[in-house]
Amino acid sequence: MAEERSRRVFLSTSAALSAAALSSTGTPAVAEEPVDRGPGERLFPQRPDAELRAILREIDEHRIEATVRRLAAFGTRHTLSSQTDPVRGIGAARDWILAEMSKSAERSGGRMTVQAQSYLQQPAPPRIPVATTITNVVATLRGSTTPERVYVVSGHYDSRCSDPLDATKDAPGADDDASGVAVAMELARVLATRRPAATIVFAAVAGEEQGLFGARHMATLFKTAGTNVQAMFTNDIVGSSRADDGTRDPRTIRLFAEGVPTSETPAQADIRRAVGGENDSPSRQLARFVRSVAENEATGMTVRVIHRRDRYLRGGDHISFLEQGYPAARFTEPHEDYAHQHQDVRVENGKRFGDLPEFCDFPFIARVARVNAATMWSLATAPGTPEDVRIRTNRLTNETDLVWRRGTDPDLAGYEVVWRETTAADWTHVVRVGDTTEAKVDLSKDNVFFGVRAVGKNGRRGPVAFPTPLS
């Protein structure tokens with residue numbers, strides 16, 4: 001019976017794009033992958049529907065600018081700065097963020113709750129020399145049908161100057177990372193009145209500059225509670241489109257996504273090496289999903305996926321979630337200007353240093369917010385990532401048998417098998433298999449990569465799950 005429910009879809013072979021085609025400069029173009037060879041249909045990005053377009057139109061550049069300027073006006077938001085001064089320091093910033101998030105929650109009809117998630121961090125040399133209270137501000141919009149499925153978006157509201165232990169000198173932190181906090185807060189405001197199927201968490205975390213402490217605490221709490229966090233994105237340094245040489249790239253955002261999982265066990269590493277899964281971690285699947293739903297005319301942005309966990313030898317709050325085995329990635333502006341991050345505010349040889357609001361590009365931050373909104377809403381209104389996806393390996397064949405466990409989403413319509421050449425960066429073909437838990441595809445698992453994704457009754461597709469062997 002299960003065999004009868006399997007789907008085998010064939011597509012006639014068509015000619016690959018000609019390698020001799022000329023580019024706009026008149027030179028021979030590089031030959032592309034033969035994307036129309038094999039079963040199924042050509043895979044295309046998900047188009048934003050009317051509901052998502054309405055959400056993206058509500059993203060307000062002026063509110064984002066006001067948030068960045070207000071956070072910078074607290075003087076410093078250093079983790080070790082005053083927690084009781086009402087106008088300066090991290091405590092004042094914390095209280096303001098909490099109040100603003102609470103205003104958004106008031107518009108949710110009780111679906112959004114806000115908390116100050118505090119704990120006492122014991123001394124952790126060199127950057128936490130004394131016991132310090134660290135507080136994350138967390139707004140949770142509960143899902144309407146599958147609230148147990150959770151998606152997290154964050155920025156960090158602490159800041160620093162040149163000396164990472166100087167808690168008194170001005171550290172406005174406009175780009176790093178009032179910009180990311182502004183993105184998370186704007187999403188909380190816009191989505192508060194909506195009813196996503198899954199739960200969305202909007203977080204402003206502290207302690208990042210001193211060692212990712214706030215995010216690590218939040219991720220640990222989720223893991224201890226057994227929370228099903230299916231994706232986490234941090235927005236860290238998303239405030240400027242201008243590079244240090246003055247050039248601008250206002251339509252690109254980088255997305256850092258690891259290949260080999262941070263939390264990988266030795267047994268999982270053996271399987272990855274055996275099947276060639278280095279480019280198919282859950283975080284890489286998230287990155288592909290982001291491009292499919294957020295790289296379009298409605299956001300006005302290109303998402304440049306970087307195949308690294310973070311920038312070279314550097315790190316951000318998503319790593320705390322990766323350590324717990326959660327899929328996570330980092331948004332960062334296309335080119336950083338290091339004169340305007342981690343610098344004392346000053347003028348030196350006629351050049352201005354410091355992370356000040358005047359060096360931010362607020363229309364750019366608004367477009368980054370739209371990329372985030374398209375991503376979070378698409379995730380929270382589609383079925384979750386399929387679980388227990390396997391390839392049967394108990395017999396030798398040039399066909400590929402995939403099996404998986406059916407999800408519990410009430411709006412689940414069915415599944416699709418996706419595949420690509422091993423040298424392709426993204427999925428190129430889709431085989432529609434319907435509401436089943438297995439499929440047979442007339443392609444060898446030796447030659448291509450496969451994945452499975454769920455489809456909702458609303459037509460929205462979730463992220464792809466990469467299969468593991470089933471003997």
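Sequence positions, counted from 1, serve as the residue numbers for this chain.
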Any luck finding a side-chain donor-acceptor pair between [X] and [Y] under 3.5 Å?
| X | Y | value |
| --- | --- | --- |
| H342 | E209 | yes |
| T262 | R309 | yes |
| D166 | T168 | yes |
| S154 | D317 | no |
| T302 | R251 | no |
| Q343 | D355 | no |

Ignoring hydrogens and geometry, is there a side-chain-to-backbone donor-acceptor pair from [X] to [Y] under 3.5 Å?
| X | Y | value |
| --- | --- | --- |
| T332 | D236 | yes |
| S159 | A171 | yes |
| R461 | G459 | yes |
| Q268 | T265 | yes |
| S281 | G259 | yes |
| E333 | S240 | yes |
| E295 | V303 | yes |
| H340 | P357 | no |
| R288 | A425 | yes |
| R142 | T199 | no |

With heavy-atom distances below 4.5 Å as the criterion, would you say the side chains of [X] and [Y] are in contact?
| X | Y | value |
| --- | --- | --- |
| V290 | F331 | yes |
| Q285 | D280 | yes |
| P250 | R367 | yes |
| T76 | C161 | no |
| E358 | L356 | yes |
| R111 | L191 | no |
| F359 | R352 | yes |
| T234 | F321 | no |

Nearest heavy atoms of [X] and [Y], plus distance in Å:
| X | Y | value |
| --- | --- | --- |
| N235 | D177 | O-OD2, 2.6 Å |
| P123 | P129 | CB-O, 3.7 Å |
| A231 | L379 | CB-CD1, 4.0 Å |
| M112 | S108 | N-OG, 2.9 Å |
| A369 | L187 | O-CD1, 3.5 Å |
| R460 | W377 | NH2-NE1, 4.0 Å |

Quick test of your reading of the model: are [X] and [Y] salt-bridged, counting only N-O distances below 4.0 Å?
| X | Y | answer |
| --- | --- | --- |
| K169 | D344 | yes |
| R70 | E100 | no |
| D337 | R242 | no |
| R254 | D249 | no |
| D158 | R160 | no |

Could you measure the distance from the [atom1] atom of [X] to the [atom2] atom of [Y]? Nearest 0.5 Å is fine.
| X | Y | atom1 | atom2 | result |
| --- | --- | --- | --- | --- |
| Y326 | S263 | OH | OG | 11.0 Å |
| I253 | F364 | CD1 | CZ | 4.0 Å |
| Q210 | T132 | CD | OG1 | 8.5 Å |
| T375 | L286 | OG1 | CG | 9.0 Å |
| M101 | E106 | CE | CD | 14.0 Å |
| K223 | S320 | NZ | OG | 13.5 Å |

Contact list for residues 125-157, test ring pair (Phe, Tyr, Trp, His ring centres under 6.0 Å), sequence neighbours left out:
none
Which residue pairs pass the ring pair (Phe, Tyr, Trp, His ring centres under 6.0 Å) test with at least one member in residues 188-224, sequence neighbours excluded?
Y119-H217
Could you check S241 against R248 for side-chain hydrogen bond (donor to acceptor under 3.5 Å, both in side chains), going step by step and ending with a plain yes or no?
CA-CA 5 Å; S241 61; R248 295 182 68 240; 3.2 Å; yes
Assess the residue pair V114 and L98 against the criterion (side chain to side chain contact (heavy atoms under 4.5 Å, CB included)); give the C-alpha distance rounded to whole Å, side-chain angles, the decisive distance to 0.1 Å, and a yes or no.
CA-CA 7 Å; V114 182; L98 182 64; 3.5 Å; yes
Test applied, salt bridge (charged side-chain N to carboxylate O under 4.0 Å, His left out); reference residue, E58; option that passes from R63, R189, R53, R194
R194
Among I237, V238, I319, whose side-chain contact (heavy atoms from CB on, under 4.5 Å) with R330 holds?
I237
Is the count of non-hydrogen atoms from other residues, nucleotides or ligands lying under 6.0 Å from R69 atom CZ greater than 12?
yes
List the steps and the verdict of side-chain hydrogen bond (donor to acceptor under 3.5 Å, both in side chains) for R94 and Q83.
CA-CA 8 Å; R94 171 202 63 213; Q83 303 211 18; 3.2 Å; yes
Measure the acute angle between the ring planes of F449 and F466, then classify it against the limits of 30° and 60° as parallel, tilted or perpendicular.
perpendicular
